Amino acid sequence: MSDTKSDGKCPFTATSHVDGISLLSAESRACPYAAYSQIRAEDPVHFLPDQNIWMVSRYDDVDFVLSNPEKFTSKEALSSGNAFRDFPEALDILSRSKAIPRQRTLILADPPVQTFHRKVVQRALAPGKTLRAFGPTIEERVNGFIDRFVDAGQFECVSQFSIPLPMALVSMIFDVDEEQVYRMKGWSDNFFAALTGHVAKQTVIDAAVDTLVFEEFVLERMQKARTEGSDCFIGKLLDQPEDEPPLTDAEVINICSQVLVGGNESTINFISNLVHTIATTDGLENRLRENPELIPNFLEESLRHETPLQAMYRITLEPVQIGGVDLPAGAKLMLNFGSANRDETHYVSGEDFDLDRDNRETLHLAFGRGIHACAGQTIARREGMIALKVLLHRLKNLRLADDVQPEPAPLFGVRGFKTLNIAFDVNAT
Amino acid sequence: MPKVTVDMNLCEYHGQCVFVAPEEFWFDDEDELRYTTEVPENARARVEKAAKACPQLAIKVE
């Protein structure tokens, strides 16, 4: 079943030759799926010269890399390059950091260091416990967001819904007020933009400045947690059993920045994508409202079809063969989840959104897999669940607003929206 | 018959196993994870998928 209404989002055209493909072109950035599909068909492990990177496009090959962390280092997992490295001014700012040497943790580290970080983060983040504690409050807050525009018949989904929801959760996790959480979001936006690369110099410099401000914030909270005790994420991180090596300041800072970035950008786009699909797919809204048991599969299908974070990166540690292609040690790989999640060798009509697709059969790779699988995925899913539950209960006949076209997320490798104006029926609420 | 074990020191209640294999894994009234320790051969593929889906790699199927 392919029932997506025309949303003017994705002109599906093929380029004549696979070697001519650039994911950085305006066309690919607006919609990369034609390029992905051509790469999968003609050269599944494809070298992209303009990014100096091998794109791994097929599901099985991406799965292979994720499942063999001893062959592929994750130390540059978040970036196709390193934006800071190209800007001496930014490096100069970073040299004033109090957390030198910088410490790679979690997704930017490999076992056994990563194994340890993962353990302490899981303990501090405790998704199950966190959601039990915060879930009801989040639902209340989401109702509050909707109260603000329920009489208007229209809202800008990103700023009025998709952003406030994860921000509410981040504020609870870090135990900060609303003003502070939006300051943190500003930092996170700049970190993330600098990480994805291909952004303006000023953004990279802002990110370097924010890195130092963020360090101060974390160090201050650590100090407070050590002297007064604290129940927030940072306090819990520091609450280590005696037989464990204590985390260094630099480790805590790096962990916190990953949790901050991970807890917002991709979740924001995930929520916007859910709302966009409902607003542009005939009959979907009523089906979900009448059959709420379909919502979990809708979340998975959305994550598969419009994977918010399209790719992560690895570097080969030894000569290795992927999908029949011989790669030397030191080759940089783009694990393209967005492409793998539509791979025709794993999915029937993978390019189509289909609520009736059984996503338990072929598990998508939107959160990665294996030792680096997203630590916050349960929290993200619950946020999506709460968003839909409240939205479907309160608003009816969601559709794109006539007067303003949705604006896609501008950063490379991100699927989501910068703005998404949604209209609904006022008298029905 | 395939034997299933979940390392509860690793389990973080992500619930992906419950999504993938609801007949073998479920949450009880107290939100604790429960699972079938011995499953029929025809459920092997499903529990192996659940093991793969687990973000904690906490599930072993033998």
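Small disclaimer: the values here were computed from a predicted structure and weren't measured. Letters A, B, ... mirror the listed sequences (proteins, then strands); counts begin at 1.
For the residue pair A/Glu301 / A/Asn297, no side-chain donor-acceptor distance below 3.5 Å is found, with atom types taken as modelled. When only modelled atom types and interatomic distance are considered, B/Gln16 and A/Arg381 share a side-chain donor-acceptor pair under 3.5 Å.
Contacts between A/Glu361 and chain B at a heavy-atom distance below 4.5 Å involve backbone atoms as well as side-chain atoms. Of the atoms belonging to A/Ile371, heavy atoms from both backbone and side chain fall under 4.5 Å from chain B. In this structure, chain B has no heavy atom under 4.5 Å from any part of A/Arg382. With a threshold of 4.5 angstrom between heavy atoms, A/Asp358 does not approach chain B through any atom at all.
Nearest heavy-atom pair, B/Pro22 versus A/Arg360, reported as atom, atom and distance to 0.1 Å: CG-NH1, 3.9 Å. Summarising the geometry of A/Tyr59 relative to A/Asp343, their closest heavy-atom pair is N-OD2, 2.9 Å, with the distance given to 0.1 Å. The minimum heavy-atom distance between B/Tyr35 and B/Val6, with the atom names listed, is OH-N, 3.1 Å.
If you tally non-hydrogen atom pairs under 4.5 Å between each of A/Lys129, A/Lys119, A/His372, A/Gln377 and chain B, the highest count goes to A/Gln377.
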